[in-house]
Number of protein chains: 2
Amino acid sequence: MATTPDEVLKTHGLRSTRNRHVVLEEFSHADFALSQPELEKRLKGEMDRVTLYRILSSFEEKGILHSIVDQFGTTNYASCSSSCRAGHHKDQHIHFNCLNCRKIYCLPSNNPPVDIPAGFNAENISIIAIGLCKACNSN
Amino acid sequence: MATTPDEVLKTHGLRSTRNRHVVLEEFSHADFALSQPELEKRLKGEMDRVTLYRILSSFEEKGILHSIVDQFGTTNYASCSSSCRAGHHKDQHIHFNCLNCRKIYCLPSNNPPVDIPAGFNAENISIIAIGLCKACNSN
DNA sequence: TTAAGTGCAAAATCTTTGCAAATGT
DNA sequence: ACATTTGCAAAGATTTTGCACTTAA
């Protein structure tokens with residue numbers, strides 16, 4: 001079921017605006033996570049930087065995107081799986097952060113079970129593999 | 001074998017200075033990872049902010065500390081295990097990032113095996129459990 | 001002595017906030 | 001019409017850079 005951008009927005013209680021469509025469009029192309037600075041470059045001049053920040057955080061809040069903080073401390077965003085709901089994200093896959101191109105890939109691998117000591121209450125587990133990605137490896 | 005601060009510095013090719021001793025002292029107390037902002041608070045007035053940044057990055061580079069980027073994008077530092085060498089860190093434990101007090105704990109758990117797709121070359125794997133820590137849970 | 005380390009000022013980033021104008025429903 | 005969304009300006013926060021002074025070896 002291919003949901004249209006309009007439907008995605010409506011379903012998540014957001015108005016359909018030109019800027020939001022542009023951002024959704026970018027994510028539909030990308031096969032990896034995008035950061036605000038990266039998106040800003042791609043959309044150079046298309047919209048105000050602040051608007052972009054606001055769109056990203058509303059998309060995350062509504063459950064359209066989930067965020068991954070990479071090894072450089074930058075927040076990156078990727079489309080959510082169907083298991084994400086507004087205000088509650090559950091990343092069930094591993095991310096790969098390339099040291100060279102800095103891209104973040106959502107890997108198909110599932111999280112392995114992780115052993116947490118008693119007393120600690122893990123709500124979510126972030127697993128990020130760090131190294132060289134497929135593209136950078138073959139150069 | 002309790003290595004003295006002086007020995008730690010010498011072994012890693014760093015000069016023995018007052019500032020570095022102060023930083024090492026802080027880490028010897030801490031049972032969790034410390035960020036630059038946190039250290040700056042603790043060492044209020046003891047040294048320049050820039051010096052602290054430089055000490056932390058040289059300690060990381062030389063393999064005295066390893067860094068963990070937390071859920072808020074802040075870089076935190078913790079003592080390295082003996083398996084870390086200059087320029088090559090191998091975190092073999094899981095970190096726990098508390099949503100309430102924001103502390104990062106190095107858990108005793110070992111990394112589970114993680115399945116990485118062919119073509120990707122993982123140098124290191126960062127596993128961060130996010131939730132409420134032991135202390136914050138019991139309040 | 002002299003290379004490494006430090007402090008201060010300033011720059012560079014990245015992110016947030018306030019508010020008036022524009023836009024979607 | 002009216003609440004949302006946007007753009008601009010400005011403020012905050014964090015981290016880096018340049019350079020002259022100081023210090024460890």
Side-chain angles (χ1 to χ4, degrees), chain A residues 4-26 33-62 64-65 67-77 86 97 102 104, chain B residues 4-26 33-65 67-77 86 102 104:
Chain A
T4 69
D6 255 8
E7 283 170 343
V8 171
L9 293 172
K10 298 268 168 67
T11 311
H12 293 87
L14 293 169
R15 289 188 179 175
S16 170
T17 70
R18 161 147 183 69
N19 286 335
R20 286 178 178 154
H21 280 255
V22 171
V23 174
L24 283 179
E25 178 66 10
E26 280 304 318
L34 300 168
S35 64
Q36 188 282 337
E38 174 61 24
L39 278 163
E40 191 176 332
K41 253 182 275 169
R42 296 180 174 220
L43 305 179
K44 195 168 44 178
E46 287 223 55
M47 80 185 67
D48 187 74
R49 164 186 297 170
V50 177
T51 301
L52 185 47
Y53 274 109
R54 289 193 273 227
I55 288 178
L56 291 174
S57 53
S58 68
F59 279 10
E60 184 185 17
E61 196 181 318
K62 300 295 186 179
I64 299 175
L65 299 176
S67 70
I68 312 111
V69 176
D70 69 21
Q71 281 321 101
F72 309 100
T74 307
T75 304
N76 292 259
Y77 296 88
N97 195 183
R102 299 199 168 202
I104 297 227
Chain B
T4 68
D6 255 8
E7 283 169 342
V8 171
L9 293 172
K10 297 270 169 64
T11 310
H12 292 88
L14 293 171
R15 289 189 179 176
S16 171
T17 70
R18 163 148 183 66
N19 286 335
R20 287 177 177 156
H21 281 256
V22 171
V23 174
L24 282 179
E25 178 66 9
E26 280 304 318
L34 300 168
S35 64
Q36 188 281 339
E38 175 61 26
L39 279 162
E40 191 177 330
K41 253 182 274 169
R42 295 180 177 217
L43 304 179
K44 196 169 43 180
E46 288 222 53
M47 82 185 67
D48 187 73
R49 163 187 297 171
V50 177
T51 302
L52 185 48
Y53 274 108
R54 288 194 273 227
I55 288 178
L56 292 174
S57 53
S58 69
F59 279 10
E60 185 186 15
E61 195 181 319
K62 300 294 186 180
I64 299 175
L65 299 175
S67 68
I68 311 111
V69 176
D70 69 20
Q71 281 320 101
F72 309 101
T74 307
T75 304
N76 291 259
Y77 296 88
R102 299 199 167 201
I104 297 228

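These values consider heavy atoms only, across backbone and side chains, with no hydrogens, waters or symmetry-generated copies. Just so we're on the same page: letters track the sequence lines, and every chain starts at 1.
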**Prompt:** When you measure from every atom of DNA chain C, which of residues 18-26 of chain B have a heavy atom less than 4.0 Å away?
**Reply:** Asn19(B), Arg20(B)

**Asked** What residues form a salt bridge (Lys or Arg N to Asp or Glu O under 4.0 Å) with Glu25(B), not counting sequence neighbours?
**Response** none

**Message:** Once side-chain hydrogen bond (donor to acceptor under 3.5 Å, both in side chains) is applied, do any residues pair with Ser16(A), and if so which ones, sequence neighbours excluded?
**Reply:** Asp6(A), His21(A)

**Message:** Just to be sure I understand the geometry, which residues of residues 33-40 of chain B put a non-hydrogen atom under 4.0 Å away from DNA chain C?
**Reply:** none

**Request:** Start with the C-alpha gap between Leu43(B) and Asn19(B), add the side-chain angles, then the distance that decides, and say whether side chain to side chain contact (heavy atoms under 4.5 Å, CB included) holds.
**Result:** CA-CA 10 Å; Leu43(B) 304 179; Asn19(B) 286 335; over 6 Å; no

**Complete:** Residues Leu14(A) and Ser58(A): closest non-hydrogen pair is CD1-OG, 4.3 Å

**Fill in**
Here the pair of heavy atoms bringing Glu26(B) nearest to Leu34(B) is O-CD1, 4.1 Å

**Prompt:** So Arg18(B) and Glu46(B), side chain to side chain contact (heavy atoms under 4.5 Å, CB included) or not? Walk me through it.
**Reply:** CA-CA 10 Å; Arg18(B) 163 148 183 66; Glu46(B) 288 222 53; 3.4 Å; yes

**Message:** Would Ile104(A) and Tyr77(A) count as a side chain to side chain contact (heavy atoms under 4.5 Å, CB included) here? Give the steps.
**Reply:** CA-CA 9 Å; Ile104(A) 297 227; Tyr77(A) 296 88; over 6 Å; no

**Asked** Which is true for Ser16(B) with a 4.0 Å heavy-atom rule: it touches a base, it touches only sugar-phosphate, or it touches nothing?
**Response** sugar-phosphate

**Item:** Rounded (10°) bend between the five-pair end axes of the helix from dT1(C)-dA25(D) to dT25(C)-dA1(D)
**Value:** 30°

Could you list the donor-acceptor pairs under 3.5 angstrom formed between side-chain atoms of residues 50-57 of chain B and any protein atom two or more places apart in sequence or on another chain?
{"from": "Tyr53(B)", "atom 1": "OH", "to": "Gln36(B)", "atom 2": "OE1", "distance (Å)": "3.3"}
{"from": "Ser57(B)", "atom 1": "OG", "to": "Tyr53(B)", "atom 2": "O", "distance (Å)": "3.2"}
{"from": "Ser57(B)", "atom 1": "OG", "to": "Arg54(B)", "atom 2": "O", "distance (Å)": "3.4"}

**Message:** Consider side-chain contact (heavy atoms from CB on, under 4.5 Å). Of Thr4(B), Leu9(B), Leu65(B), which one does Leu24(B) pass it with?
**Reply:** Leu9(B)

**Message:** Going by salt bridge (Lys or Arg N to Asp or Glu O under 4.0 Å), name the residues that satisfy it together with Glu38(A), two or more places apart in sequence or in a different chain.
**Reply:** Lys41(A), Arg42(A)

**Message:** If the condition is side-chain hydrogen bond (donor to acceptor under 3.5 Å, both in side chains), which residues does Arg15(A) pass it with, not counting sequence neighbours?
**Reply:** none

**Item:** Closest heavy-atom pair and its distance - Pro37(B), Thr74(B)
**Value:** CD-CG2, 4.4 Å

**Item:** Boundaries of the DNA chain C segment in contact with chain A, non-hydrogen, under 4.0 Å
**Value:** dC14(C) to dT25(C)

**Asked** Excluding sequence neighbours, so at least two apart, what forms side chain to side chain contact (heavy atoms under 4.5 Å, CB included) with Val69(A)?
**Response** Thr75(A), Val69(B)

**Item:** Any residue of residues 45-54 of chain B with a heavy atom less than 4.0 Å from an atom of DNA chain D
**Value:** Arg49(B), Val50(B), Tyr53(B), Arg54(B)

**Request:** Whole angstrom is fine here: how far is it from NZ in Lys41(B) over to P in dA13(D)?
**Result:** 12 Å

**Item:** Minimal non-hydrogen separation, Ser67(A) against Glu60(A), with atom names
**Value:** OG-OE2, 2.8 Å

**side-chain hydrogen bond (donor to acceptor under 3.5 Å, both in side chains) partners of Asp70(A), counting only residues at least two apart** = Asn76(A)

**Asked** What is the distance from CZ of Phe72(B) to P of dT15(D), rounded to the nearest Å?
**Response** 14 Å

